[in-house]
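In each ligand, atom 1 is the first atom listed, and ligand 1 is the first ligand listed.
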Amino acid sequence: MIYLDNAGTTRVDDAVLKAMLPYFCENYGNASSLYSFGQMAREVVETSREKVAKCLGADASEIIFTSGGSESDNQAIASCARFGALKNKKHIISSAFEHHAVLHALNKLEKEGFEVTYLPVYSNGIVKVEDLKKAIRPDTCLVTIMFANNEIGTIQPIEQIGKICREKGIIFHTDAVQAVGHVEIDVKKMNIDMLSLSAHKFHGPKGIGALYVRKGVPIFPLIEGGAQEKNKRAGTESVANIVGLATALELACKDMKKTNEKLTKLRDKLIAELTKIPHSALNGDAVNRLSNNVNLCFEGVEGESLLLSLDDLGICASSGSACTSGSLDPSHVLLAIGRPHEVAHGSLRLTLSKYNTAKEIDEVIKAVPKIVEYYRNMSPVWDELKKGERKHVI
Ligand SMILES: *Cc1c(COP(=O)(O)O)cnc(C)c1O
């Protein structure tokens with residue numbers, strides 16, 4: 001199998017699993033118990049918190065463990081909205097191509113009377129700081145803009161956004177689920193107030209994430225119950241998962257430069273070779289993008305068909321976000337960068353990890369053009385394009 005869906009989820013690193021194992025059957029105590037068996041779990045939760053904080057340039061007291069990226073996003077947005085509403089500030093600024101964990105949380109607030117401005121992301125998939133400046137109002141309570149997009153991998157000008165928000169005294173949250181462990185992040189230098197991350201996007205386990213909340217930023221808990229996480233997130237600490245998250249993040253940060261160098265080469269080879277296919281195009285900026293993300297459109301081909309044929313060859317890929325596959329809706333991300341509907345259906349996302357080899361990439365480079373040609377030969381749309389009855393859009 002050739003696994004190229006690492007923006008969907010990643011393989012757990014062997015070293016991560018090894019670090020987690022003692023916390024299932026040996027040190028399985030409840031981290032909130034007072035006896036020493038429980039306190040052993042408490043200690044490892046706290047050292048894990050310190051490790052996570054260190055990788056982000058944060059203080060350990062600013063890290064809340066959650067069940068993953070979706071919860072962190074929902075927690076951050078719901079809490080800011082609640083504090084905003086108390087001050088009669090019910091305007092939020094976001095971008096048009098956020099993950100659904102952010103978009104759907106915002107849609108819910110819109111139904112409750114909040115107003116949301118969605119900044120455009122243009123054809124390169126990057127927001128403009130000037131647009132943000134213009135969108136800010138006296139009643140803006142939150143700016144939430146993702147660090148790197150999960151479909152097309154484009155990286156946003158986070159440090160500039162942070163600076164503007166700090167100057168205006170507006171809370172800045174970033175969904176950094178695709179960026180943490182892949183891009184250098186310093187929450188202090190970047191003036192980030194809240195940041196979401198998820199372990200399974202950097203070779204950690206699924207079902208565990210964290211929310212960074214800058215000291216002084218109030219949090220209204222999303223999950224009610226016990227007093228865990230200093231009353232900010234109830235629920236018995238998932239000790240093994242927390243250890244897994246911290247170990248995976250430490251590893252990813254330690255090897256980041258080396259991994260990115262390797263992946264950038266493989267990524268650029270994929271892009272160079274696959275864009276040789278006529279009427280194909282790369283989605284999103286070629287430079288300001290994650291080192292592991294390739295996202296292409298092929299005119300006259302359905303993304304779903306491409307996926308199924310790649311699957312027959314043992315290649316795992318995606319045609320947009322995993323959450324929307326299964327439905328035939330075009331990707332909101334591709335529409336946001338201005339791809340027309342018929343093209344937004346035909347995207348292929350290949351996302352790499354440190355486990356991929358040059359040989360695997362060569363196999364994909366051989367397979368994709370044949371599959372594209374096969375489907376184009378069967379496609380009535382392609383037929384019309386060939387005969388000139390329809391205009392090429394890429
Ligand atoms: C995967 C992902 C999420 C959701 O994280 P989960 O841990 O799966 O809930 C949120 N935002 C982005 C950008 C993602 O890539």
Do the side chains of [Y] and [X] get nearer than 4.5 Å, heavy atoms only?
{"X": "Asp175", "Y": "Phe147", "result": "no"}
{"X": "Leu251", "Y": "His203", "result": "no"}
{"X": "Ile164", "Y": "Lys133", "result": "yes"}
{"X": "Cys253", "Y": "Met256", "result": "yes"}

(message) side-chain hydrogen bond (donor to acceptor under 3.5 Å, both in side chains) for Ser196 and Asp73? Distances and angles first, verdict last.
(response) CA-CA 6 Å; Ser196 303; Asp73 286 343; 2.7 Å; yes

(message) Just to verify, what does Leu313 make a side chain to side chain contact (heavy atoms under 4.5 Å, CB included) with, not counting sequence neighbours?
(response) Ile315, Ala367, Ile371

(message) With a 4.0 Å heavy-atom cut-off, what residues sit around ligand 1?
(response) Gly68, Gly69, Ser70, Asp73, His99, Met146, Asn150, Asp175, Val177, Gln178, Ser198, His200, Lys201

